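Some notes on the structure that comes next.
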Amino acid sequence: VDAAQAALNRINKKASEEYDDQSARIKALNDIVHNNKVGIDERRKALDELKSIIPGYNAMLTKEGELIEENTSAIDNYLVALDKEIRLKKFKEEREAAILRKDALEKQLKSHQQVLDNNPLVTTQTFNTSFGAMNFDPLSRHREKVQSLNAELTKTNAELDALTKEYEALSQVKTVDDDNDGKCPK
């Protein structure tokens, strides 16, 4: 698995965990609302919380505890929008982190490359010792660092490209709640 795929897997795992936590809360509240064995006050409290979370959810409990005017589609639509919002947020966070890594790598690369560029006449020196001839390159550390930074920068750019592509694709997915600028109403 390359770095880009690893980042996508990491994002999807984090997004799924967060979605599972939030959707479990909604499902638990919904279960309480539908459970006639639970006291009416607790059911009303759960219903009020659901209404505060989900715009357009307008179910009510009668005095007798009967659930009326329930629109389960509001819950379903909310959960779809919630999943999209969480995934977009996770992709955005990961993209921002990749951009910061890229900037840091470019800064380090520039620094090491500048040392090499400022010392173009420095070459490998040969020393004769009792063990034989030994080569010494005073700039080898910088050359090696430039090489490793370029490799890391290539990986980071590939990761950033994959993240950008996935983010843009996810942004294009339409949900019922997209009339709220693609944000899951709170």
Side-chain angles (χ1 to χ4, degrees), residues 1-105 152-186:
V1 177
D2 65 359
Q5 188 59 50
L8 296 176
N9 293 345
R10 189 172 52 250
I11 289 168
N12 285 323
K13 182 177 184 229
K14 287 178 183 178
S16 292
E17 289 170 355
E18 186 173 332
Y19 173 80
D20 290 347
D21 289 345
Q22 291 188 37
S23 66
R25 177 69 182 144
I26 291 167
K27 289 173 185 171
L29 290 169
N30 197 35
D31 288 346
I32 292 169
V33 168
H34 284 88
N35 188 343
N36 292 328
K37 295 178 183 175
V38 174
I40 191 139
D41 289 338
E42 190 175 343
R43 290 177 66 204
R44 284 188 201 285
K45 183 179 174 185
L47 182 59
D48 289 343
E49 191 172 340
L50 269 177
K51 286 179 176 182
S52 73
I53 295 171
I54 303 172
Y57 186 68
N58 52 13
M60 294 186 290
L61 285 170
T62 64
K63 290 179 184 177
E64 297 80 29
E66 181 185 351
L67 189 62
I68 58 172
E69 295 186 32
E70 181 182 25
N71 54 337
T72 56
S73 64
I75 294 174
D76 296 339
N77 294 339
Y78 177 83
L79 290 173
V80 170
L82 178 65
D83 183 55
K84 178 182 174 182
E85 179 185 306
I86 289 170
R87 290 188 186 288
L88 283 171
K89 182 178 90 172
K90 296 299 178 189
F91 272 101
K92 184 179 178 191
E93 289 170 359
E94 196 72 29
R95 276 186 79 242
E96 288 170 356
I99 289 169
L100 290 174
R101 280 194 312 277
K102 178 183 175 184
D103 291 347
L105 288 168
E152 189 64 29
L153 192 56
T154 299
K155 287 181 192 175
T156 302
N157 282 332
E159 180 182 335
L160 191 53
D161 289 345
L163 291 170
T164 300
K165 181 180 174 185
E166 289 293 323
Y167 181 83
E168 289 170 352
L170 185 57
S171 295
Q172 299 302 314
V173 174
K174 296 290 183 198
T175 64
V176 173
D177 287 328
D178 276 347
D179 55 347
N180 293 315
D181 297 326
K183 295 179 181 156
C184 192
K186 293 291 179 195

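Treat the numbers as computed from the prediction; the structure is a model and nothing was measured.
The side-chain contact (heavy atoms from CB on, under 4.5 Å) search around Ile40 returns Arg44, not counting sequence neighbours. Applying the side-chain hydrogen bond (donor to acceptor under 3.5 Å, both in side chains) rule to Asn36 yields the partners Arg43; only residues at least two apart in sequence or on another chain are considered. The side-chain hydrogen bond (donor to acceptor under 3.5 Å, both in side chains) check on Ser16 picks up Arg87, with sequence neighbours excluded.
When atom types are taken as modelled, the side chain of Asn77 and the backbone of Ser73 share a donor-acceptor pair closer than 3.5 angstrom. A donor-acceptor distance shorter than 3.5 angstrom exists from the side chain of Lys51 to the backbone of Ala59, with no hydrogens or angles considered. A donor-acceptor pair is defined here as one N or O able to donate and one able to accept, closer than 3.5 Å; such a pair exists between the side chain of Asn71 and the backbone of Gly56. Judged by distance alone, with hydrogens and angles left aside, the side-chain atoms of Asn12 form a donor-acceptor pair with the main-chain N or O of Leu8 at under 3.5 Å. Ser52 places a side-chain N or O within donor-acceptor distance of the main-chain N or O of Glu49, the cut-off being under 3.5 Å. For Lys84 (side chain) and Val173 (main-chain N/O), a donor-acceptor pair under 3.5 Å exists by modelled atom type.
The distance from atom OG1 of Thr164 to atom CD of Glu94, rounded to the nearest 0.5 Å, is 11.5 Å. Taking NZ of Lys37 as the reference point, atom CD1 of Ile32 lies at 15.0 Å (rounded to 0.5 Å). With rounding to the nearest 0.5 angstrom, the CG atom of Leu47 is 5.0 Å from the CG atom of Leu61. The CG atom of Leu79 sits 6.0 Å away from the NZ atom of Lys27 when rounded to the nearest 0.5 Å. The distance from atom CG of Asp161 to atom OG1 of Thr156, rounded to the nearest 0.5 Å, is 11.0 Å. Note that CG of Leu82 is 5.0 Å distant from CD of Gln22, once rounded to the nearest 0.5 Å.
Applying the 6.0 Å contact sphere to NZ of Lys45 captures no more than 12 heavy atoms from other residues, nucleotides or ligands.
Salt bridge present: Glu18 and Lys90 bring a charged side-chain N and a carboxylate O closer than 4.0 Å.
Leu163 is listed as a side-chain neighbour of Glu159, based on a closest heavy-atom distance under 4.5 Å. By the 4.5 Å heavy-atom criterion applied to side chains, Tyr57 and Asn30 are counted as neighbours. The shortest distance between side-chain heavy atoms of Gln172 and Glu168 does not fall below 4.5 Å. Using a 4.5 Å heavy-atom cutoff, the side chains of Glu152 and Arg101 are not in contact.
Summarising the geometry of Ala4 relative to Ala158, their closest heavy-atom pair is CB-O, 3.9 Å, with the distance given to 0.1 Å. For Leu88 against Tyr167, the heavy-atom pair with the smallest separation is O-CE1, 3.5 Å.
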